[in-house]
Visitor: 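Shown below is the structure under consideration.
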Amino acid sequence: MTAAEQELPKLYDPKAAQDRWYPHWLEKGYFTADPTSNAQPYCIVIPPPNVTGALHLGHALNNTLQDILIRWRRMKGDSVLWMPGTDHAGIATQAVVERRLLQDEKKTRHDLGREALVKRIWAWKDEYEARILSQLQAMGASCDWSRTRFTLDPICAKAVRHTFFKLFADDKVYRGKRLVNWDTHLRTAVADDEIYYEDTKGSLWSIRYPVAESDEFLVVATTRPETMLGDTAVAVHPDDPRYKHLIGKEVALPLTDRRIPIIGDGMLVDMAFGTGCVKVTPAHDPNDYQTGLRHKLAMINLLNPDGTYHENAPAAYRGLAVKEVRKRVLADLEAAGLLLETKPHDLRLNLSHRSNTAIEPYLSDQWFVRMDEFAEKAIGAVTSGQVTFHPERYAKSYIDWLSEKRDWCVSRQLWWGHRIPIWYCETITEEELNVAFAGRSDVVWRQAEAGSDRRGWLLCALEDLTGQELGPNHRLEQDGDVLDTWFSSALWPHSTLGWPEKTPELAKYYPTSVLSTARDIITLWVARMVIMGQYNCGAVPFTDVFIHPVIQDGQGRRMSKSLGNGIDPVDIIEMYGADTLRFGLASAATETQDLRLPIEKIRLEDGREVNTSDRFEQAKPFANKLWNAARFVMSNLGDYIGEPVRPEQLSIEDRWILATLRATVSQANASLEKFQFEKLAKTLRDFTWNDFCDWAIEFAKPRLKDNEQRPVAQAVLVEVLDTLVRLLHPIVPFVTEQIWQSLAVVAPIRGVFASRNSAESICVAPWPKVEDLPADDHAQSRVDLWKDGISAIRNIRAERNLPKDARPVPVMRVAAGEMESLAAGLAMFQTMAGVGDWRVVNSAEDLPEDIEQARARGELAAKVLDRLEILVPLGQFIDKEAEKVKLRKNLADLEKQIGGIDAKLGNASFVERAPAELVLQQRQKREELQARRGAVVELLAALEQS
RNA sequence: GGGCGGUUAGCUCAGCUGGUUAGAGCGCCUGCCUUACAAGCAGGAUGUCGGGGGUUCGAAUCCCUCACCGCCCACCA
């Protein structure tokens, strides 16, 4: 491509840049990690999106922020790996596929069978995984796609199998009882997040339980009378004077022939609620279950999986459904005169999302991971500083949750997931097992615990058992359940790197660097990754956890399908381009607040209705602005030869913009180190727009017309543009690459000083270094004075409505020491402020005659600034009255400020107690203001006399 | 019920280790198609910093309290 072939359209075309550069980056392999590199490793594993559906804006935010970090570190020269992948999301995915099956074909999973259903889910997964990956690519994500993983793929499966095997062998996993949320319609356990609540008007029934061998009664209040058939105790508060004496005695449980103990339990019972007596049904209520554990009560399961009453219930109720049992129990109690009262009571019904039927707490046997030691170690990882949360307040939720040390239930009654690698055999003996598996270290076994639903032996194997290992006389049956999705997610940082194999990737990139996620999964995911990382690899999985804000709609609600307020990032990319999406999200990613996006529905040209947000309008002009600044620079490089520039050739304004750029690089570094993306975006936007475009380019225009100054001005523009696009690249990768590549054609040689580079893509160009750019306080101070002067004249022109072509001839009064500074900006003033010849005078000396005369005639407009007084003769354009009003307002402002300072300085306590430095500063400030006031008073007086 | 965060311009948000006349983007008003950019330029207006109390010479910033909004966790016999 030659310079002539360059297309430099006025409007930046995001789509063209995206279509052109993303495939190019992939082809060149810039995103491919090299574990053999000697560079410092930097690795982020993507929080794997669920394959349940397409990505929304929350994912876009998180992945934009990760890509910013990744692209930054890649440019810094680190050996970078951003590991992509997706999550099988157990119940969520199975549920969507089952729901669709029911809708489209009126079939349940039982109609299809396990194998066929799983096949359907794989097809679903393939579709959505492709969609998700293409969304990430559309956003510009620089993942190493050659390593894309899926939580059910063979590499991850191997890690899961090895982990479970190790846990089993170490006795860290056990089979135990637990109350699960049982869906009696679908005959399956459902997860907590698959339950919804409905407030309904129910009843609170009071039932008399006769105390054995006594005339006394205890009255219990319940919303679920049918569960009384499974009661195994009645609890009262141990300090309750009404019942204290009964603790240790028994009641005769009505409708049954059982006697159950009266226990004292301060945790379960609130003396003030109801009657102060609580029936305890450990097998069908979570609190009662805990109470049962505390008091070692019997646990009587009343239900069959289909929700009918089990043989553990008295004969009269067996085989009946829950509702029917309730009716009968109430009728029978009534008949026995034991039903005291029925009161209306508001209660919350737990319903299954999947079948819309009531959830029954149901006691079942599940696999658990022992958490005590694990949690202790994982807490230590944070308290010792091996893992740091950003913002740090989130460490508290992590530690609080882990401190409960509740064992982790890892089995799920699903078909979609990692099958639990346990085989049961009831008939074998240990001797026979020893013989069958002699010499094999890949099979371990343990005896089933007493009280478990299984008898005989539990075998865990690294490879699937065929079932034939024990010979024809013994049946081996594999556990039908799968593992909790979070089990495989917990291994994600090391499983994706190849553990348990000792891969070069694992050696190079583990522990990874940063984990970026939302706060709602700090416990479910982050804590468990730390635990499993420590267990499997002996080291924490990452050193920093960054918690990003949550995206909400205009009403502060989460985005969700059911509310219809979700935004597809691809829609935003189509409307605004990927750079604007990313810039908008980064600009909104503040540390303290969640991110509120007022949603609008709009209809696209193709008729589709999509959600969008005004927030992207705010970010929209930026890429184009940058593009046009670059276009200006490049259009002035036709004769650029790239000769090195010696520092002494630089003008004041060159030194100013380079010094300002230096400060910007330093600020950008600080923001990136601290995960302050909003600050990063703002810093770079401000530099681009306010310093580079508004001033530096304008300063350069006259110099580019001067043959002598032109090469230096060109070199500095190239240097600044080159550095700026490198700084911006992590946020807006496409427009910066477009500029980088175009710039390479017109200015193959860059670098005002030593830092020349000619990277073939900005993706791998060096990150700017602060020390390559000169600091220059003097230039900064001087250019600030120029800017003030130019703004002041523009202000006068605009406020006095001077015609466009009017060329007033102003005077600037400054202290003697500043005269030279201002005079150096001569050319700039004339073009940028639109003035004719102008003069700088010493404020201690008399004004030039023409100005003095204009003042006498009252035709002078003035601006009295801190270091500078600007006097513009307006001649016929003067409006004396308006001028007086302005000066009076100016005077009032100054007096108000002086008054404020006087109040402070007149306050003895301030002078005594405030830092001396501050008092001095206030005194100086007062002097300046007084001087300005004097000047304004003088001007006003002249005007009034005229 | 416990915990966390928020309440600053019409909208979305910075500022909060106390100390200039409280800022930005978008929107709004005025004037400009000034050959980088009208998705632009120049200029302008806009705030009892949620209410109340306290600490301090000084509070948007620190403390207490109330109200409202959001989130997490627990619970509702």
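Chain identifiers are assigned alphabetically (A, B, ...) following the order of the sequence lines, protein sequences preceding nucleic acid strands; residue numbering begins at 1 within each chain.
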Visitor: Of all the nucleotides listed (B:G43, B:G19, B:A36), which has the minimum atom distance to the side chain of A:Lys625?
Guide: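 My answer, after comparing the listed nucleotides, is B:A36.
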Visitor: Is it the case that over 12 heavy atoms from other parts of the model lie below 6.0 angstrom from the CD atom of A:Gln930?
Guide: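 Counting neighbours around CD of A:Gln930, more than 12 heavy atoms of other residues, nucleotides or ligands fall under 6.0 Å, so yes.
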Visitor: Rounded to whole angstrom units, what separation is found between the NZ atom of A:Lys682 and the P atom of B:G25?
Guide: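 Going from A:Lys682 (NZ) to B:G25 (P), I get 7 Å.
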Visitor: Distance check needed: B:C71 P versus A:Asp594 CG, whole Å only.
Guide: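 Going from A:Asp594 (CG) to B:C71 (P), I get 9 Å.
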Visitor: Which nucleotide in the list B:C73, B:A36, B:G25 gets nearest to the side chain of A:Arg685?
Guide: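 Nearest to the side chain of A:Arg685 among the choices is B:G25.
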Visitor: Expressed as a whole number of angstroms, how long is the span from A:Arg631:CZ to B:U35:C1'?
Guide: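 Those two atoms, CZ and C1', are 10 Å apart.
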Visitor: Which nucleotide, B:A36, B:G5, B:G44, lies nearest any side-chain atom of A:Glu799?
Guide: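 Out of B:A36, B:G5, B:G44, the nucleotide with an atom closest to A:Glu799's side chain is B:G44.
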Visitor: Answer with base, sugar-phosphate or nothing: what part of the nucleic acid does A:Gln552 contact at a heavy-atom distance below 4.0 Å?
Guide: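 Sugar-phosphate: the residue A:Gln552, judged by heavy atoms under 4.0 Å, touches backbone atoms but no base.
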Visitor: Scan side-chain atoms only and decide if A:Asp231 and A:Thr281 contain a donor-acceptor pair under the 3.5 Å cut-off.
Guide: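 Yes, A:Thr281 and A:Asp231 have a side-chain donor paired with an acceptor closer than 3.5 Å.
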Visitor: Classify A:Ala221 by what it touches in the nucleic acid, base, sugar-phosphate, or nothing, heavy-atom distance under 4.0 Å.
Guide: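 Sugar-phosphate only.
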Visitor: Do A:Lys15's NZ or CZ and the ring of A:Phe734 fall within the cation-pi criteria of under 6.0 Å and 45°?
Guide: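 So A:Lys15 doesn't make the cation-pi contact.
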Visitor: What contact category does A:Ile522 fall into here, base, sugar-phosphate, or nothing, at under 4.0 angstrom with non-hydrogen atoms?
Guide: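 Answer is nothing: A:Ile522 stays at 4.0 Å or more from every strand.
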Visitor: Identify, between A:Phe632 and A:Asn907, the residue whose nearest nucleotide on RNA chain B lies closer to the 5' end.
Guide: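 First, find each residue's nearest nucleotide; the 5'-ward one identifies A:Phe632.
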Visitor: Whole-Å distance between B:C13 P and A:Arg596 CZ?
Guide: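 Going from A:Arg596 (CZ) to B:C13 (P), I get 6 Å.
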Visitor: Under the 6.0 Å and 45° cation-pi test, does A:Arg519 pair with A:Tyr394?
Guide: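 That pair does not qualify as a cation-pi contact.
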Visitor: If you draw a 6.0 Å radius around CD in A:Glu404, do more than 12 non-hydrogen atoms from other residues or ligands fall strictly inside?
Guide: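 Counting other residues, nucleotides and ligands, CD of A:Glu404 exceeds 12 neighbours.
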Visitor: Please report, rounded to the nearest Å, how far the C1' atom of B:U20 is from the CZ atom of A:Arg932.
Guide: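 In whole Å, B:U20 C1' lies 11 Å from A:Arg932 CZ.
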Visitor: Considering every strand and a 4.0 Å limit on heavy-atom distances, what is the contact class for A:Arg800: base, sugar-phosphate, or nothing?
Guide: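 The answer is nothing, as A:Arg800 stays clear of every strand by at least 4.0 Å.
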Visitor: I want to check one thing: is the phosphate of B:C4, taken as OP1 and OP2, less than 4.0 Å away from some side-chain N or O of A:Trp401?
Guide: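 No, outside the criterion.
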Visitor: Between A:Ser397 and A:Leu11, who's closer to the 5' end of RNA chain B by nearest nucleotide?
Guide: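 Taking each residue's closest nucleotide, the earlier one in sequence belongs to A:Leu11.
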Visitor: Select base, sugar-phosphate, or nothing to describe what A:Ser635 touches, counting heavy atoms under 4.0 Å on all strands.
Guide: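 Nothing, no heavy atom under 4.0 Å.
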Visitor: Please work out the stems of RNA chain B from pairs that are Watson-Crick or G-U wobble with both distances under 3.5 Å, keeping only runs of three or more consecutive pairs.
Guide: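 Expected stems, ordered by start: B:1-7 with B:67-73, B:10-13 with B:23-26, B:28-32 with B:40-44, B:50-54 with B:62-66.
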Visitor: Would you say B:A36 has OP1 or OP2 under 4.0 Å from some side-chain N or O of A:Lys701?
Guide: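 Checking A:Lys701 against B:A36: at least one side-chain N or O falls below 4.0 Å of OP1 or OP2.
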Visitor: Quick one: does NZ or CZ of A:Arg794 land under 6.0 Å from the six-membered ring centre of A:Trp786, within 45 degrees of the ring axis?
Guide: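 Judged by the rule, A:Arg794 and A:Trp786 form no cation-pi pair.
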Visitor: As a test of reading the structure: which of B:C41, B:G43, B:A74 is closest to the side chain of A:Asp694, going by heavy atoms?
Guide: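 For A:Asp694, the side-chain atoms sit closest to B:C41.
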Visitor: Choosing from B:A36, B:C37, B:G44, which nucleotide comes nearest the side chain of A:Lys10?
Guide: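 Comparing B:A36, B:C37, B:G44 against the side chain of A:Lys10, the answer is B:C37.
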Visitor: Can you find an N or O donor on one side and an acceptor on the other, under 3.5 Å apart, linking the side chain of A:Glu698 with the base of B:A36?
Guide: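 Per atom types, the contact qualifies.
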Visitor: A:Lys925: which residues meet the salt bridge (Lys or Arg N to Asp or Glu O under 4.0 Å) condition with it, sequence neighbours left out?
Guide: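 Listed in chain order: nothing, the list is empty.
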Visitor: Roughly, in whole Å, what's the span from CD1 in A:Ile547 to P in B:G70?
Guide: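 Interatomic distance, CD1 of A:Ile547 to P of B:G70: 22 Å.
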Visitor: Using OP1 and OP2 only, check whether a side-chain N or O of A:Asn795 sits under 4.0 Å from B:A42.
Guide: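 No.
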Visitor: For A:Pro286, which contact category applies under a 4.0 Å heavy-atom criterion: base, sugar-phosphate, or nothing?
Guide: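 The residue A:Pro286 makes no contact with any strand.
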Visitor: Answer yes or no: does a side-chain N or O of A:Arg797 lie under 4.0 Å from OP1 or OP2 of B:C41?
Guide: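 Negative; the distance criterion is not met.
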Visitor: Side chain of A:Arg794: nearest nucleotide among B:U20, B:G43, B:G19?
Guide: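 My answer, after comparing the listed nucleotides, is B:G43.
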Visitor: In whole Å, what is the span from the CD1 atom of A:Ile521 to the P atom of B:C73?
Guide: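 Value for this atom pair: 12 Å.
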Visitor: Determine whether A:Leu626 and A:Cys693 make a side-chain contact, defined as any pair of heavy atoms from C-beta on separated by less than 4.5 Å.
Guide: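 No, side chains not in contact.
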Visitor: Which nucleotide in the list B:G19, B:G25, B:C37 gets nearest to the side chain of A:Gln618?
Guide: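 Within the option list, the nearest is B:G25.
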Visitor: Picking from B:A36, B:G43, B:A14, which would you name as closest to the side chain of A:Ser791?
Guide: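 Of B:A36, B:G43, B:A14, B:G43 is nearest to the side chain of A:Ser791.
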Visitor: Taking any heavy-atom pair under 4.0 Å as a contact, classify A:Lys396: base, sugar-phosphate, or nothing.
Guide: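 Since only primed, P, OP1 and OP2 atoms lie under 4.0 Å of A:Lys396, the category is sugar-phosphate.
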Visitor: When all nucleic acid strands are considered with a 4.0 Å heavy-atom cut-off, which category describes A:Trp205: base, sugar-phosphate, or nothing?
Guide: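 Answer is nothing: A:Trp205 stays at 4.0 Å or more from every strand.
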Visitor: Measure from the side chain of A:Asp520, starting at C-beta and using heavy atoms only, and say which of B:G40, B:A36, B:C72 lies closest.
Guide: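 Per side-chain heavy atoms of A:Asp520, the pick is B:C72.
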Visitor: Within the structure shown, what part of the strands sits under 4.0 Å from A:Lys804 by heavy-atom distance: base, sugar-phosphate, or nothing?
Guide: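 Touches sugar-phosphate only.
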Visitor: Can you say whether the rings of A:Trp627 and A:Tyr12 are parallel (under 30°), tilted (30 to 60°) or perpendicular (over 60°)?
Guide: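 Rings of A:Trp627 and A:Tyr12: tilted, as their planes differ by 30° to 60°.
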Visitor: Starting at NZ of A:Lys620 and ending at C1' of B:G27, how long is that distance when rounded to a whole Å?
Guide: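 In whole Å, B:G27 C1' and A:Lys620 NZ are 14 Å from each other.
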Visitor: Checking all strands, does A:Asp400 fall into the base, sugar-phosphate, or nothing category for heavy-atom contacts under 4.0 angstrom?
Guide: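 Contact class for A:Asp400: none.
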Visitor: Only distances under 3.5 Å count here; give the side-chain donor-acceptor pairs of residues 893-904 of chain A to other protein atoms, sequence neighbours excluded, each with its distance to 0.1 Å.
Guide:
unit_1	atom_1	unit_2	atom_2	d
A:Glu895	OE2	A:Arg933	NE	2.8
A:Glu895	OE2	A:Arg933	NH2	2.9
A:Asp902	OD1	A:Arg926	NE	2.3
A:Asp902	OD1	A:Arg926	NH2	3.3
A:Asp902	OD2	A:Arg926	NH2	3.3

Visitor: From B:C37, B:A39, B:A14, pick the nucleotide closest to the side chain of A:Thr590?
Guide: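 Side chain of A:Thr590 sits closest to B:A14.
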